[in-house]
Amino acid sequence: MYPDRKINTLWRPTASIEAIKEKSRVLAQIRDFFASREVIEVDTPILSHYTVTDVHLHPVKARLQLQGKNHQGWLQTSPEFAMKRLLAAGVGDCYQIFKAFRSDETGRYHNPEFTLLEWYRLDFDHKQLMVEIDELLQQILDCPTAEYLEYQSLFVDYFKLDPLNTNCEQLHCCAEQYLGNVPEMQQQDDYLQMLFSMVIEKRIGLEKPCFVSGFPASQASLARLEPENPQLSRRFELYYKGVELANGFHELTDPNEHIQRFEIDNQIRADKGLPQVEIDHNFISALESGFPDCSGVALGIDRLLMIRMNAEHINQVQTFPFDRA
């Protein structure tokens with residue numbers, strides 16, 4: 001019909017048919033896992049009026065027209081705020097398999113659109129939740145039991161440096177020792193995250209899953225602080241086979257503390273020349289109505305599937321990554 005038209009192979013999925021079927025099996029296993037524990041599946045919007053203040057996340061803007069008026073919304077980086085509103089409303093233990101969006105993320109483990117598994121457990125602290133995650137991984141990946149490490153101890157072991165008692169000058173010298181020439185940065189956490197991601201992450205969780213907990217309070221995100229040592233947060237991350245798989249918290253419940261942290265995020269944004277982000281007032285109102293003691297985690301399903309199938313690139317487990325979407 002179109003004799004001069006070039007053959008287009010971009011219509012084909014990058015994932016194999018077996019990978020597509022394997023993802024279906026993994027999702028079924030996940031649903032069975034939570035059904036056996038009476039954790040219900042919920043659904044929340046991908047499109048919202050608000051987004052996160054987190055300086056390290058880059059949300060995708062969405063413009064739409066409703067009744068002749070222009071509106072700006074956001075594609076969600078995770079279902080966190082909406083799920084917590086459900087928790088405040090009394091939904092109880094819940095999970096969601098969610099399509100999330102983040103701009104400026106592409107590469108071996110990144111695509112702007114990806115699949116998250118997020119769940120919340122009432123009356124769990126972060127340690128109990130890590131045990132449950134470990135049990136899920138053993139079912140999905142048939143892997144060994146996880147090991148549990150502390151953020152502070154890792155820096156002492158690898159760098160002979162205490163991340164809770166240091167300064168930018170010491171961190172800059174350390175970074176140059178291990179990474180070569182690095183630019184000077186204003187925030188200690190920028191150095192800490194560089195050292196952690198470029199040195200430590202590459203050496204942990206290679207043979208079995210590895211939980212790292214006890215992140216500094218400055219990196220708490222929305223985790224509560226340790227009552228006996230407020231320099232530490234009840235936040236953890238999970239690593240396996242060189243992949244960061246999950247990020248979780250013993251959840252902060254105080255709405256005033258949330259507002260203070262969001263304002264700090266916006267101040268850091270201003271310092272870095274990034275745009276300010278409006279605080280999600282619906283989320284704050286939900287917290288003010290009463291929020292239960294709980295822990296929650298977000299786990300990357302695409303990365304989980306990569307490990308299960310020994311895939312080298314996220315494109316091997318996604319049907320149509322952004323360049324083919």
Side-chain angles (χ1 to χ4, degrees), residues 41-64 71-88 94-120 133 189-190 193 197 215 219-223 233 235-238 243-249 251-252 258-259 261-270 272 274-284 286-287 294-306 314 317-318 320-322 325:
E41 185 171 6
V42 298
D43 178 57
T44 61
I46 290 174
L47 179 65
S48 175
H49 291 285
Y50 301 101
T51 187
V52 294
T53 59
D54 191 324
V55 69
H56 301 292
L57 297 181
H58 305 281
V60 177
K61 290 182 180 181
R63 299 188 184 279
L64 62 160
H71 296 265
Q72 179 181 294
W74 301 90
L75 299 182
Q76 295 303 284
T77 58
S78 87
E80 179 176 6
F81 288 179
M83 289 185 75
K84 287 179 176 178
R85 287 165 62 184
L86 293 180
L87 290 168
C94 59
Y95 76 97
Q96 184 170 185
I97 295 168
F98 184 84
K99 282 289 190 178
F101 296 82
R102 296 178 188 178
S103 186
D104 294 334
E105 293 197 3
T106 185
R108 182 180 178 187
Y109 298 113
H110 297 88
N111 186 63
E113 177 182 349
F114 59 99
T115 308
L116 271 180
L117 167 64
E118 188 150 333
W119 78 95
Y120 293 87
I133 299 166
D189 282 327
D190 290 336
Q193 289 170 4
S197 64
F215 282 78
Q219 298 179 32
S221 187
L222 301 185
S233 68
R235 173 191 165 203
F236 63 85
E237 290 192 348
L238 169 63
V243 181
E244 179 191 338
L245 271 179
N247 185 26
F249 316 137
E251 301 290 348
L252 181 68
H258 275 87
I259 292 171
R261 294 191 190 182
F262 293 152
E263 289 174 344
I264 291 172
D265 284 347
N266 270 326
Q267 182 57 56
I268 294 173
R269 283 180 165 274
K272 292 178 177 289
L274 298 173
Q276 302 290 285
V277 174
E278 184 180 3
I279 293 173
D280 187 335
H281 302 293
N282 291 331
F283 173 57
I284 296 299
L287 295 173
C294 66
S295 287
V297 62
L299 187 151
I301 289 181
D302 304 290
R303 296 181 182 185
L304 186 72
L305 192 58
M306 285 179 67
I314 195 170
V317 299
Q318 291 192 330
F320 303 109
F322 184 67

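Since this is a predicted model, take the numbers as computed values, not measurements.
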Checklist outcome for this item: d(E278 CD, N266 CG) to nearest 0.5 Å is 10.0 Å
Next on the checklist: The test is side chain to side chain contact (heavy atoms under 4.5 Å, CB included); show your working for V243 and M306 and say whether it passes.
Outcome noted: CA-CA 9 Å; V243 181; M306 285 179 67; 5.8 Å; no
Item to check | For Q76 against S48, the heavy-atom pair lying closest together | outcome: NE2-CB, 3.1 Å
Next on the checklist: Restricting to ring pair (Phe, Tyr, Trp, His ring centres under 6.0 Å), what partner residues turn up for Y120, sequence neighbours left out?
Outcome noted: none
Checklist entry - How long is the gap from CD on Q276 to CZ on R269, to the nearest 0.5 Å? => result 8.0 Å
Checklist outcome for this item: Residue pairs passing the salt bridge (Lys or Arg N to Asp or Glu O under 4.0 Å) test with at least one member in residues 41-60, sequence neighbours excluded, are R31-E41
Next on the checklist: Please give me the minimum heavy-atom distance between A100 and T77, naming the atom from each residue.
Outcome noted: CB-O, 3.4 Å
Next on the checklist: For the backbone of T115 and the side chain of D302, can you confirm whether one donor and one acceptor N or O come within less than 3.5 Å of each other?
Outcome noted: yes
Item to check | Residues in side-chain contact (heavy atoms from CB on, under 4.5 Å) contact with L86, at least two apart in sequence or another chain | outcome: V42, T44, V91
Checklist outcome for this item: Residue set satisfying side chain to side chain donor-acceptor pair (under 3.5 Å) with H58, at least two apart, ordered chain then number -> none
Checklist entry - Which value, rounded to the nearest 0.5 Å, describes the distance between L245 atom CG and L117 atom CG? => result 11.0 Å
Next on the checklist: Quick one: does any side-chain atom of R235 pair with a main-chain N or O of F249 as donor and acceptor, under 3.5 Å?
Outcome noted: no
Checklist entry - Which residues pass the side-chain contact (heavy atoms from CB on, under 4.5 Å) test with D189, sequence neighbours left out? => result L192, Q193, S218, Q219
Item to check | More than 12 heavy atoms of other groups within 6.0 Å of H71 NE2 | outcome: yes
Next on the checklist: Going by salt bridge (charged side-chain N to carboxylate O under 4.0 Å, His left out), name the residues that satisfy it together with E251, two or more places apart in sequence or in a different chain.
Outcome noted: K84
Checklist outcome for this item: Note: L222 and E80 closest approach over all heavy atoms is CD1-OE2, 3.4 Å
Checklist entry - When you measure from the side chain of Q96 to the backbone N and O of E118, does any donor-acceptor pair fall under 3.5 Å? => result no
Checklist entry - Should the pair F81 and F283 be assigned to parallel (<30°), tilted (30 to 60°) or perpendicular (>60°) ring geometry? => result parallel
Checklist entry - With sequence neighbours excluded, what pairs up with D190 under the side chain to side chain donor-acceptor pair (under 3.5 Å) test? => result K272
Next on the checklist: What verdict does the side chain to side chain contact (heavy atoms under 4.5 Å, CB included) test give for R102 and F114, after you've listed the backbone C-alpha separation in whole Å, the side-chain angles of each residue and the deciding distance to 0.1 Å?
Outcome noted: CA-CA 9 Å; R102 296 178 188 178; F114 59 99; 3.5 Å; yes
Checklist entry - Would you find a donor on one side and an acceptor on the other, under 3.5 Å apart, between the side chain of S233 and the backbone of F215? => result yes
Checklist entry - Sequence neighbours excluded, which residues qualify as side chain to side chain donor-acceptor pair (under 3.5 Å) partners of R108? => result E312
Checklist entry - Hey, are the side chains of N111 and F320 touching, using non-hydrogen atoms and a 4.5 Å cut-off? => result no
Next on the checklist: Could you go through D265 and V277, starting from their C-alpha distance and side-chain angles, then the distance that decides it, and tell me whether this counts as side chain to side chain contact (heavy atoms under 4.5 Å, CB included)?
Outcome noted: CA-CA 9 Å; D265 284 347; V277 174; over 6 Å; no
Item to check | L252 CG to H258 NE2 distance, which is reported to the nearest 0.5 Å | outcome: 4.0 Å
Next on the checklist: Using every non-hydrogen atom in the two residues, find where L116 and S78 come nearest and quote the distance to one decimal.
Outcome noted: CD1-CB, 3.7 Å
Checklist entry - Is a side-chain donor or acceptor of N247 paired with a backbone partner of A298 at a separation under 3.5 angstrom? => result no
Checklist outcome for this item: The side chain to side chain donor-acceptor pair (under 3.5 Å) partners of R303 (sequence neighbours excluded) come to H110
Next on the checklist: Once you measure the plane-to-plane angle for H281 and Y50, does it fall in the parallel (<30°), tilted (30-60°) or perpendicular (>60°) bin?
Outcome noted: perpendicular
Checklist entry - Who passes salt bridge (charged side-chain N to carboxylate O under 4.0 Å, His left out) against R261, sequence neighbours left out? => result E257
Checklist entry - What residues form a salt bridge (charged side-chain N to carboxylate O under 4.0 Å, His left out) with E263, not counting sequence neighbours? => result none
Next on the checklist: Please find the pair of heavy atoms, one from S103 and one from V60, that lie closest to each other, and give the distance.
Outcome noted: N-CG2, 3.8 Å
Checklist entry - Can you name the residues that form a side-chain contact (heavy atoms from CB on, under 4.5 Å) with A325, not counting sequence neighbours? => result none
Item to check | Residue pair V297, F236: steps toward the side chain to side chain contact (heavy atoms under 4.5 Å, CB included) verdict | outcome: CA-CA 9 Å; V297 62; F236 63 85; 4.0 Å; yes
Next on the checklist: Quick check for you: to the nearest 0.5 Å, what is the distance between L299 atom CG and L304 atom CG?
Outcome noted: 5.5 Å
Item to check | Point-to-point distance, once rounded to the nearest 0.5 Å, from CD1 of I268 to OG1 of T53 | outcome: 9.5 Å
